Amino acid sequence: MENTAADINLREIGNAPVSPDIINMIPYNTGMEPILLNEYGRNIQNLVDFCVSIPDREERTRCALAIADIMTILFPALKKDPNGQQKIWDHINIMSRFELDIDFPVPVIRAEETNPVPEPIPYSNSREIVFRYYGKHIQNMVLTVADMEESEERKNLIGVIANHMKKLMLAHNKESVSDAKVLRDLCFISNGKIDLMPGDIHLHDYQEVTPIKQNKNKKKNNRQNY
């Protein structure tokens, strides 16, 4: 099959050496300034950069207004958004790296508002917990009840807390659980304000329940009977 003139020209173009000057003329995104808001693309970013570079303030303002109109056309959903204009001007200010000096039609976002510093999270100091197996909440409950006036309610609350302390101690160490130990801890945590003896209060006896293992062979035979 004979080659046509077009095939020969394409082959010659493909085999022709590429000049380094031509390669240097091709712009690559990796060599450009980063796009601050990817959803608007490189062209809008370039327009904003150009707008910032305009020396005349009035002309710069007109240019920014034109960019805002283009962004509205590109994103028509912003027209229906009540905060659409606010978002557009905030985004223009962000893409300008907060260097655009114009009379903004709306108050725009400031640089310090884009990356707000979160409030520090208060962490409880584990050293403040007297007995870690009771936890911070039980300790706070004991201190609260200890400051209450003598009453039937205070007595009932002490009983509930002491029984829960016994359950927590049982989960921590099954070998050393006793009513006397729980009441000593209760007295220590309350700074001596709740001083009880084993005869003064009755604590429940908690036993560990072992789950019943089902006989697999029996279960299998029951299925076969059906």
Side-chain angles (χ1 to χ4, degrees), residues 34-39 77-78 81-84 86-91 93-98 106-220 222:
I35 300 175
L36 299 182
L37 296 177
N38 292 328
E39 59 267 30
L78 292 173
D81 189 345
N83 299 321
Q86 181 68 57
K87 292 179 180 178
I88 285 176
W89 288 108
D90 283 344
H91 293 169
N93 199 31
I94 292 172
M95 286 188 286
S96 72
R97 300 169 181 84
F98 305 96
V106 294
V108 291
I109 190 171
R110 295 175 295 178
E112 56 271 18
E113 295 174 346
T114 56
N115 295 304
V117 179
E119 294 292 331
I121 301 176
Y123 291 97
S124 60
N125 189 351
S126 59
R127 296 180 181 178
E128 297 176 356
I129 303 176
V130 180
F131 300 104
R132 299 195 64 176
Y133 44 86
Y134 293 136
K136 185 71 174 180
H137 295 302
I138 289 294
Q139 181 172 307
N140 291 337
M141 292 169 64
V142 171
L143 295 174
T144 301
V145 174
D147 293 333
M148 295 175 61
E149 296 182 358
E150 290 290 342
S151 63
E152 190 68 22
E153 181 184 9
R154 182 178 186 271
K155 180 179 178 182
N156 293 334
L157 289 174
I158 291 174
V160 172
I161 294 173
N163 277 291
H164 192 63
M165 290 171 62
K166 187 174 181 180
K167 284 196 295 184
L168 293 173
M169 182 182 288
L170 180 65
H172 174 71
N173 188 353
K174 302 179 181 63
E175 304 299 330
S176 61
V177 178
S178 66
D179 293 358
K181 175 68 169 64
V182 172
L183 296 178
R184 285 197 302 269
D185 293 345
L186 186 61
C187 181
F188 185 84
I189 295 173
S190 66
N191 298 316
K193 296 180 181 180
I194 303 176
D195 189 5
L196 299 173
M197 301 299 292
D200 299 333
I201 187 173
H202 173 71
L203 300 182
H204 301 298
D205 293 328
Y206 298 99
Q207 296 180 353
E208 185 179 8
V209 178
T210 304
I212 300 175
K213 294 183 178 180
Q214 188 175 6
N215 191 332
K216 294 183 178 179
N217 293 330
K218 184 178 179 180
K219 184 177 181 181
K220 185 176 181 180
N222 291 336

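Any value given below was found using the heavy atoms of this structure, including those in side chains, with hydrogens, waters and symmetry copies removed. All figures in this text were calculated on a predicted structure; none of them were measured in a lab.
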Candidate pair Tyr133 and Leu168, rule side-chain contact (heavy atoms from CB on, under 4.5 Å), full reasoning: CA-CA 7 Å; Tyr133 44 86; Leu168 293 173; 5.6 Å; no

Please check this pair: side chain of [X] against backbone of [Y], looking for a donor-acceptor N/O pair closer than 3.5 Å.
X	Y	value
Gln86	Pro107	yes
Asp179	Pro198	no
Lys166	His204	yes
Asn93	Trp89	no

Got a sec, which residues hit ring-ring contact (aromatic ring centres under 6.0 Å, His included) with His164, two or more places apart in sequence or on another chain?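 His164 satisfies ring-ring contact (aromatic ring centres under 6.0 Å, His included) with no residue once adjacent residues are dropped.
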
Contacts of type side-chain contact (heavy atoms from CB on, under 4.5 Å), residue Met141, not counting sequence neighbours: Ile138, Ile161

Does atom CE (Met197) have a neighbourhood of more than 12 heavy atoms from anything else shown, all under 6.0 Å?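 For Met197, atom CE is not crowded (no more than 12 foreign heavy atoms under 6.0 Å).
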
Is the count of non-hydrogen atoms from other residues, nucleotides or ligands lying under 6.0 Å from Phe188 atom CZ greater than 12? no

Is the cationic atom of Lys181 (NZ for Lys, CZ for Arg) positioned less than 6.0 Å from the six-membered ring centroid of Phe131 and within 45 degrees of its normal?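 So Lys181 does make the cation-pi contact.
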
So, for [X] and [Y], which heavy atoms are closest and what is the spacing to 0.1 Å?
X	Y	answer
Ile201	Ala162	CD1-CB, 4.4 Å
Met95	Leu36	O-CD1, 3.5 Å
Asn163	Gly159	ND2-O, 2.7 Å

So do [Y] and [X] actually touch side chain to side chain, heavy atoms under 4.5 Å?
X	Y	answer
Ile194	Arg154	yes
Val108	Phe98	no
Ile88	His91	no

I need the single residue from Asp147, Leu143, Val142 that forms a side chain to side chain contact (heavy atoms under 4.5 Å, CB included) with Lys193. Which is it?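 The residue from Asp147, Leu143, Val142 that satisfies side chain to side chain contact (heavy atoms under 4.5 Å, CB included) with Lys193 turns out to be Asp147.
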
